[in-house]
Amino acid sequence: ETGVTQTPRHLVMGMTNKKSLKCEQHLGHNAMYWYKQSAKKPLELMFVYNFKEQTENNSVPSRFSPECPNSSHLFLHLHTLQPEDSALYLCASSQEVGFNEQFFGPGTRLTVL
Amino acid sequence: GQNIDQPTEMTATEGAIVQINCTYQTSGFNGLFWYQQHAGEAPTFLSYNVLDGLEEKGRFSSFLSRSKGYSYLLLKELQMKDSASYLCAVRDGYNTDKLIFGTGTRLQVFP
């Protein structure tokens with residue numbers, strides 16, 4: 001595997017379900033990010049982790065819970081989501097916070113019924 | 001507030017030149033980025049400007065004017081594969097990786 005991978009690529013869940021999104025980067029980077037991309041809206045930063053420590057939480061509702069066990073892996077735990085949370089969730093990584101280029105994964109297309 | 005504006009859609013012909021504009025109003029500024037995103041794929045990094053002027057990289061160039069809060073991405077010798085969305089993003093401060101994105105410009109290249 002190379003670059004940034006995300007699983008699953010597609011997810012359909014009910015509002016009472018609990019699910020997790022997984023991101024893995026194979027680039028030796030130390031910073032990882034979660035973004036939300038909704039139709040016709042700008043890409044929106046959710047969380048930033050630098051050396052496993054959370055450095056940004058962009059006022060994200062608590063029904064989204066990130067976890068970064070090490071610099072290569074990032075999870076987004078989901079529970080009691082709303083239909084308006086349906087979107088493409090993108091993971092990205094960079095060498096460190098402040099480096100210019102972020103490398104994005106292919107995203108997880110989430111549908112909340 | 002934080003605001004990034006770019007046109008929603010543009011069309012152009014194969015072999016032509018197209019300029020995609022981006023204006024921004026942010027509380028801070030520490031660099032402007034352009035990303036390319038093909039439908040159903042991840043965004044990929046194109047360019048980064050932090051000082052005024054033009055940065056050229058092959059067929060793509062990016063320009064920044066900090067005093068005007070303005071940038072453009074210039075694509076030369078357009079190819080069909082350039083049909084994609086182009087995202088403008090501003091990093092709004094130092095010691096942060098918070099990128100504020102525009103909604104993106106969807107470019108369609110016709111033969």
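Here is how names work: the chains are called A, B, and so on, in the same order as the sequence lines, proteins then strands, and each is numbered from 1.
More than 12 heavy-atom neighbours from other residues, nucleotides or ligands sit within 6.0 angstrom of NZ on B/Lys57.
The hydrophobic clustering, which links ILVMFWY residues whose side-chain heavy atoms are closer than 4.5 Å, places A/Val4 and A/Val48 apart. Taking hydrophobic clusters as Ile, Leu, Val, Met, Phe, Trp and Tyr residues chained together by side-chain heavy-atom distances below 4.5 Å, A/Leu21 does not share a cluster with A/Leu88. A continuous path of Ile, Leu, Val, Met, Phe, Trp and Tyr side chains, each step under 4.5 Å between heavy atoms, connects B/Phe101 with B/Phe45, placing both in one hydrophobic cluster. If you chain together hydrophobic residues whose side chains sit under 4.5 Å apart, A/Trp34 and A/Leu110 fall into the same group. Side-chain heavy atoms closer than 4.5 Å link hydrophobic residues (I, L, V, M, F, W, Y) into clusters, and following such links, possibly through other members, connects B/Leu64 to B/Trp34.
For A/Gln37, the part lying under 4.5 angstrom from a heavy atom of chain B is the side chain only. Only the side chain of A/Asn58 has a heavy atom closer than 4.5 Å to any heavy atom of chain B. Interface residue A/Leu90: only side-chain heavy atoms are found under 4.5 Å from chain B.
Contacts between residues 36-44 of chain B and chain A, counted as heavy-atom pairs separated by less than 4.5 Å, involve B/Gln37, B/Gly40, B/Ala42, B/Pro43.
With rounding to the nearest 0.5 Å, the separation of CG in A/Leu45 from CG in B/Asp92 is 10.0 Å. In this structure, B/Thr103 OG1 and A/Lys41 NZ are separated by 12.0 Å, a value rounded to the nearest 0.5 Å.
Pairing each heavy atom of B/Leu99 with each of A/Tyr35, the nearest pair is CD1-OH, 3.9 Å. Closest of all the heavy-atom pairs between B/Tyr35 and A/Gln102 is OH-N, 3.2 Å.
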